[in-house]
Amino acid sequence: MNESPELPNWVKYPLDGSSIVDSVDDFVLPTTSNYVSNEEVQDCKISTPSKKTDNDVEEISTILKSRYTSPEEVVKALDHCHVVVSESMVEKVLKRFSNDWIPAFGFFRWYQMQSTYKPSANLYDSVVDILGKTKMFDIMWELVVEMVRLGGLISLTTMSKIMRRLARGGKYFDAIVAFREMKRFGLSKDILAMNVLLDSLCKERGVEYALDAFLEFKNEMPPNSHTFNVLIHGCCKARQLNKAQWALEEMERYGIHPCVISYTSMIEAYCREKDFRKVDAILDEMQSKGCPPNVVTYTIVMHSLGKAKETYEAMGIYERMKRNGCVPDTSFYNSLIYILSKAGRIKDANNIYEEMSKNGCTPDVTTYNTMISVACDHSQVENALKLLQEMEERPCKPDLKTYAPLLKMCCQKKWMRILFFLLDDMFKKGISIEIGTYSLLVNGLCKSGNLGQACLFFEEMVLKGLLPWSNTYTRLVKELERKDMETEKEKIRQLMEQAKNGEQTC
DNA sequence: TGAAGTTTAA
């Protein structure tokens, strides 16, 4: 039997563990109805009936939720739909299906056919991004060609999305080609675009490609401080300290002084090596060169010390920062709350949470995510839900990471109704579920023995075109084997095959 | 998301 959580009175559902599973019809989280996003507030100002838009979004979503095998099928399914389409409504629908290219793209095609509405450049960019994110690069390019043909739609924003998504998909060379060919899209190849390219390559583990691209283009476009900081940071993240050093020297050869960002990247690298002696040396060097560390630098050092279980030294950095007249910000507090929580100092973490507001630092989504995660770790359900409510009242938009620990907890405790309530709540807020979330659900349900539901999520993930992680698959199969669920096991095996084949054709 | 920091995990 699961422990009965003590929930605040606004969460109304039977507190008896067993009945939670099958009768929580009156379970109400007062979060969905009173939640108003910033855009909606704006919608109201220009007196758009946002209730109507919401209903239309729901209607379209219901149609799009069925599984279709192609965008054309989606267009057909929407054929008899008579909702009034508007730009903001299309944006909302696209956001909801941003990890599901078939409904998203099909819906966009249908929207184009509603002849009075011409999609804006922004909407085109969103669709390009969705296609890139779901690795449908061929279709993405077709759409880009269409944008060029129609004229006036392609911008640096579009190119940035293309380069970032290609890099993320491991297609470094294609990302470089996209940049090289920018003129063909009617755009100028400038340092801004080059910095985006280098940054995309660096951030997606393609530092080598970034360095090559830098050498290829540096004479065509004179690099600026951003360029070097991107490279230094990229090399540091890739643990290529000698190359980072080279970039730092190259920067100086161009007559650009390394700044607090350059030094902070180096510090972060040494923090990762746990070489705190070297970190201290750089901190001193920064002071002496008249380029003192800032709140970001201190956050990194404090956080690393905290993670290395050197809580005492981490607090020392906090003192040192205050002594040097550097003011903590929200991110700094977030880090402090995190390391204190991990060190088991929950009370201190809570005090910091109270203190930050008094010091003029508003808690943000990370603050809440951290606090909620800590509450879930300690099975403080009521506290976690209270925080969720608090963040919506602020308002502070929850995201995937807000819900992950809550979903995990629901799986563990077998609270299926609440689990589905939360999933629905996420969908309504446009928080699109991706592979990590599915893995969490499948794993959590395996652990608590709800294999039927685990299989359903596994299936849904494959039908969305996602390739399940191999350990998620193995775990599920093992559990099914253990319970002699041969039919289900075979089904899962076939789904995995299907997912693998899908991946190859992408 | 996008020149540096903070949540997070199979």
Side-chain angles (χ1 to χ4, degrees), chain A residues 129 133 156-157 160-161 163-165 167-168 191-204 210 223-234 236-237 244 247 251 256 258-269 271-272 293-304 306-307 317 321 326 328-342 352 356 361 363-377 398-405 407-408 434-444 446-447 468-476:
Chain A
D129 196 50
K133 179 152 82 171
L156 180 58
T157 312
S160 302
K161 288 184 192 304
M163 292 189 286
R164 291 198 187 280
R165 291 307 180 187
R168 178 153 295 185
I191 189 66
L192 232 65
M194 172 162 127
N195 289 344
V196 172
L197 171 71
L198 299 183
D199 192 47
S200 311
L201 295 168
C202 284
K203 295 249 162 76
E204 308 304 336
N224 59 19
S225 61
H226 284 221
T227 319
F228 291 107
N229 285 331
V230 162
L231 292 176
I232 293 168
H233 183 242
C236 285
K237 281 265 155 151
M251 185 175 192
I256 305 170
C259 67
V260 62
I261 297 178
S262 334
Y263 286 119
T264 300
S265 292
M266 299 300 287
I267 285 193
E268 188 179 20
C271 277
R272 224 180 25 192
N294 64 15
V295 63
V296 178
T297 324
Y298 287 118
T299 307
I300 290 168
V301 179
M302 180 185 69
H303 196 78
S304 312
K307 278 208 153 166
I317 291 293
M321 176 173 103
C326 178
D329 64 5
T330 297
S331 292
F332 181 88
Y333 280 120
N334 289 346
S335 173
L336 190 51
I337 289 171
Y338 176 80
I339 60 173
L340 285 170
S341 302
K342 288 288 163 189
I352 295 292
M356 65 188 287
C361 292
D364 64 6
V365 61
T366 306
T367 320
Y368 282 106
N369 290 357
T370 308
M371 298 287 292
I372 288 173
S373 167
V374 170
C376 288
D377 280 348
D399 62 15
L400 258 179
K401 290 173 189 116
T402 315
Y403 285 91
L407 297 177
K408 199 169 153 189
E434 39 67 90
I435 185 136
T437 319
Y438 277 112
S439 310
L440 173 160
L441 291 168
V442 173
N443 275 321
C446 277
K447 206 184 261 179
W469 292 335
S470 69
N471 45 12
T472 308
Y473 169 68
T474 317
R475 171 97 198 250
L476 180 56

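Labels below follow one simple rule: chain letters A, B, ... track the order of the sequence lines, proteins then strands, and each chain is numbered from 1. As a basis for the values below, the full set of heavy atoms in this structure was taken, side chains included, without hydrogen atoms, waters or symmetry mates. This one's a predicted model, so the numbers in the text were calculated from it and none came from an experiment.
- The residue A:Lys447 sits apart from the nucleic acid: no heavy atom pair falls under 4.0 Å.
- Evaluation of the ring pair (Phe, Tyr, Trp, His ring centres under 6.0 Å) rule for A:Tyr338 yields A:His303 as partners, not counting sequence neighbours.
- Checking A:Thr330 against A:Asp364 by side-chain atom types alone, no donor-acceptor pair falls below 3.5 Å.
- A gap of 15 Å separates the P atoms of B:dT6 and B:dT1, to the nearest Å.
- Among the heavy atoms of the strands, none lies under 4.0 Å from A:Lys161.
- Residues satisfying the side chain to side chain contact (heavy atoms under 4.5 Å, CB included) test with A:Arg168, not counting sequence neighbours, are A:Arg165, A:Glu204.
- Partners of A:Asn195 according to the side chain to side chain contact (heavy atoms under 4.5 Å, CB included) rule, which considers only residues two or more places apart in sequence or in another chain, are A:Ile191, A:Asn224, A:His226, A:Thr227.
- If you check every strand for non-hydrogen atoms under 4.0 Å, A:Val365 touches nothing.
- At a threshold of 4.0 angstrom between heavy atoms, the contacts of A:Asp329 include nucleobase atoms, whether or not backbone atoms are also involved.
- Contact annotation for A:Thr370: backbone-only contact, meaning every heavy-atom pair under 4.0 Å involves sugar-phosphate atoms and none involves a base.
- You can see that DNA chain B meets the heavy atoms of chain A within a 4.0 Å-exclusive cut from B:dT1 to B:dA10, reading 5' to 3'.
- Among the heavy atoms of the strands lying under 4.0 Å from A:Asn294 is at least one base atom, whether or not backbone atoms are also near.
- In this structure A:Ser200 satisfies the side chain to side chain contact (heavy atoms under 4.5 Å, CB included) test together with A:Met163, A:Arg164, A:Ala167, A:Val196, sequence neighbours excluded.
- Residue contacts shown for A:Thr366 include a base, since a base heavy atom lies under 4.0 Å away.
- Listed by chain and number, the residues in a side chain to side chain donor-acceptor pair (under 3.5 Å) with A:Ser160 amount to none (sequence neighbours excluded).
- As judged by a 4.0 angstrom heavy-atom cut-off over every strand, A:Phe332 is placed among the base-contacting residues.
- Across all strands shown, A:Arg164 has heavy atoms under 4.0 Å from base atoms, whether or not it also approaches the sugar-phosphate.
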